[in-house]
Amino acid sequence: FSYAAVGGWDIRPTKLGDALLDAQILDYDLVRQVQEEMNKMRVFKGYYDERFIGSSQHETATHVLTEQEASEALKYLRADIRYFKWRNGVVGHTTVVWSASVEPNCELPYHTARDLLDAIEMPEKERKRPIPPSLLYATAALLEGCSFVNGGSQNTLSCRGLTDLAQQQHSCYLLGTDFKAGQTKFKTAAVEYIRTMGLTPKVIASSNHLGNNDMKNLQSQDAASKAKLRVKHDIFAPWQENIDHKVSIMYTPYMNDDKRDFVEYTSLGFLDQEHTMVTYTRASDSVLCVPLMIDAAVWCDFFARKSWPFQKVAKALAYLFKVPEGAAQGVDPGFFHQMRVLDSQARAASESKMTKANKNGNSAKRRVRIRPEEKTTEWAIPQDASIICAGLACVDMQLNQASGGGGGEGIETFEGSKSIGGGSVSMSCKTLARMCYGAPLDDDFMQVTPPVVKSVVPLCKIGNDDSGDKLLSLLESCGNASRNVNTKYIREARSKDSSARTALAVLPIYKD
């Protein structure tokens with residue numbers, strides 16, 4: 001990467017630099033050097049529902065959206081994402097990472113994308129259950145063409161409607177659950193090592209304690225603690241072996257983010273003789289997790305540029321999570337095995353081409369699934385394609401409800417007018433700019449999927465006059481939803497020819 005942008009939401013008003021200082025994780029001298037710059041970064045107000053967070057967090061939750069209905073909150077979150085992209089000039093892929101406190105697991109009975117979106121639109125009284133904040137953030141991310149990563153332990157990815165929504169988008173990925181940063185990552189590698197010794201792991205008992213805010217939240221909410229223990233206990237489930245895996249977690253405020261972890265591995269060897277191995281780890285929990293967030297964003301961008309399939313990406317990035325869910329559910333939990341899958345998929349994506357010749361010498365089309373219940377639509381347009389629309393253009397001024405035609409072209413009266421872009425350039429530009437992967441799913445926010453054509457470039461003669469200003473505005477408005485119309489070249493040409501004039505066509509729309 002030569003450039004990347006970072007932003008996000010928080011339910012606390014503390015500035016980022018001050019929060020970094022208060023956390024006492026990094027060396028003071030380093031924090032001092034970046035504190036002022038970080039304090040200038042804008043943080044959006046977070047969506048807050050006290051039912052999904054421990055009581056220890058309620059007092060400080062003052063930097064929050066006032067909209068409590070899920071439908072309104074979703075619109076604000078989507079607007080925040082669009083503003084972030086615009087403000088930072090983001091042209092690549094965007095990934096939204098849930099790094100907030102663990103939520104309690106809850107029932108998410110939304111089996112299709114339509115079920116999920118309809119439920120969000122319902123008032124909570126009619127829905128009869130709340131929408132978890134993590135599910136709202138995930139929905140907003142996918143609707144805005146972003147990938148979503150569940151770094152927490154809650155069961156957000158168990159919502160089948162969310163997976164359905166992700167698969168309707170083009171090159172948007174849904175990944176989770178719970179970052180596999182230190183202790184758990186080593187466990188999966190250690191068990192592979194134990195097997196290579198000819199041993200059979202029987203009992204893995206571990207305890208860890210630390211005092212960061214995540215643990216404070218778990219300590220004050222039993223349901224969230226159960227969600228955390230679920231993923232810790234289930235890391236070996238896909239192996240379907242009789243491994244007695246137990247985990248205890250303890251909140252010790254004095255330790256802050258300095259995690260202490262003790263694990264004992266008991267295995268059976270030759271003639272069922274016991275073998276015991278013990279590991280002790282001391283590390284900063286946050287410092288272990290942040291690189292995984294960067295990994296997730298970088299890999300999502302890489303695979304999105306290659307238009308790599310949804311399921312393959314989920315399995316390739318399973319190494320990031322304690323319990324891979326969604327399209328990666330049930331993958332082999334072994335760390336070394338997961339790294340081999342990542343290496344295989346990364347190499348395959350790197351070596352792939354957007355179009356390949358089939359046996360008949362024809363150019364094969366890249367397949368993109370639009371709706372699971374419908375036939376697969378095929379696009380043959382590369383991910384980063386630009387299309388030039390060259391030709392004639394003018395402003396068509398339509399005179400509505402005109403009278404006086406009499407079969408000819410005379411105009412006596414009309415009721416209002418409307419200007420539209422005319423000519424081959426305007427028509428083709430408008431059509432290409434509005435093509436997207438999948439139909440818009442609501443009326444308020446038309447762009448819910450990435451455009452098929454990344455950049456549409458109109459080339460036509462435009463004069464320095466009022467009609468020219470109007471035609472430029474009409475061309476640019478074609479790409480309002482996806483911002484993919486590039487008028488740079490005709491603006492530059494226009495500025496070099498002061499004598500040029502723009503064609504204006506008057507089109508009466510007769511009452512009869």
Side-chain angles (χ1 to χ4, degrees), residues 1-10 16 41-44 46-47 74 77-100 133-152 154 156-157 159 162-163 165-181 286 288-322 324-328 342 345-346 349 383-384 437 447-451 454 482:
F1 281 105
S2 58
Y3 174 78
V6 180
W9 301 265
D10 197 354
L16 290 181
M41 295 180 67
R42 175 177 179 177
V43 179
F44 297 116
Y47 176 62
L74 178 65
L77 295 179
R78 294 183 63 182
D80 289 343
I81 294 172
R82 287 200 304 278
Y83 176 82
F84 167 78
K85 290 182 179 180
W86 170 80
R87 182 68 180 83
N88 293 284
V90 176
V91 294
H93 191 71
T94 300
T95 299
V96 175
V97 179
W98 176 272
S99 59
S134 62
L135 187 57
L136 269 188
Y137 279 100
T139 304
L142 296 173
L143 290 177
E144 291 301 323
C146 308
S147 294
F148 178 78
V149 176
N150 179 25
Q154 67 276 352
T156 311
L157 266 62
C159 178
L162 191 65
T163 300
L165 180 62
Q167 290 180 303
Q168 290 179 15
Q169 313 305 321
H170 176 62
S171 296
C172 292
Y173 306 116
L174 185 62
L175 308 172
T177 291
D178 199 344
F179 284 122
K180 183 166 64 176
S286 300
L288 290 172
C289 282
V290 171
L292 300 184
M293 299 179 192
I294 298 173
D295 272 9
V298 171
W299 281 121
C300 284
D301 181 87
F302 169 78
F303 285 119
R305 290 176 186 273
K306 301 295 182 180
S307 298
W308 212 237
F310 180 83
Q311 289 85 356
K312 289 185 178 181
V313 173
K315 293 177 181 178
L317 301 184
Y319 81 97
L320 293 169
F321 307 104
K322 290 184 176 71
E325 294 186 312
L342 171 63
Q345 292 300 322
Q383 171 82 358
D384 297 323
Y437 290 101
Q447 176 53 28
V448 299
T449 57
K454 183 178 181 180
S482 49

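Just so we're clear, the structure is a prediction, and the values are computed from it rather than from any experiment. Heavy-atom basis, side chains included; hydrogens, waters and symmetry copies ignored.
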Which pair of heavy atoms, one from Ala327 and one from Ala314, lies closest together, and at what distance?
CB-CB, 3.6 Å
Quick check for you: to the nearest 0.5 Å, what is the distance between Arg78 atom CZ and Leu142 atom CG?
10.5 Å
Looking only at atom types and distance, does a side-chain atom of Lys85 sit under 3.5 Å from a main-chain N or O of Glu144, one as donor and one as acceptor?
yes
Over 60° means perpendicular and under 30° means parallel, so tell me whether Tyr173 and His93 are parallel, tilted or perpendicular.
tilted
Other residues, nucleotides, ligands: >12 heavy atoms within 6.0 Å of Lys315 NZ:
no
Below 4.5 Å, heavy atoms only, C-beta onward: do Phe321 and Thr177 meet side chain to side chain?
no
Sort out for me which residue in Leu292, Leu175, Leu320 forms a side-chain contact (heavy atoms from CB on, under 4.5 Å) with Val149.
Leu175
Measure the OG-CZ distance between Ser134 and Phe148 for me, rounded to the nearest 0.5 Å.
6.0 Å
If we only count heavy atoms from C-beta on, is the Phe310 to Leu174 side-chain gap below 4.5 Å?
yes
Let me confirm one number: the CG-CZ distance from Asp295 to Phe179, rounded to the nearest 0.5 Å.
9.0 Å
Begin from the C-alpha positions of Trp98 and Thr156 and carry the test side chain to side chain contact (heavy atoms under 4.5 Å, CB included) through to its verdict.
CA-CA 10 Å; Trp98 176 272; Thr156 311; over 6 Å; no
Please tell me if the side chains of Leu143 and Leu165 come closer than 4.5 Å, counting only heavy atoms from C-beta onward.
yes
Trp9 vs Tyr47 side-chain heavy atoms within contact, under 4.5 Å:
no
Please report the closest heavy-atom contact between Gly46 and Tyr137, naming both atoms and the distance.
CA-OH, 3.4 Å
All heavy atoms of Lys322 vs all of Lys180, minimum pair found to be N-CB, 3.5 Å
I would like to know whether Leu157 and Thr163 meet side chain to side chain contact (heavy atoms under 4.5 Å, CB included); could you show each step before the answer?
CA-CA 7 Å; Leu157 266 62; Thr163 300; 5.8 Å; no
Parallel, tilted or perpendicular: which fits the ring planes of Trp86 and Tyr83, with parallel below 30° and perpendicular above 60°?
tilted
Separation of Asn150 CG from Glu325 CD (nearest 0.5 Å):
7.5 Å
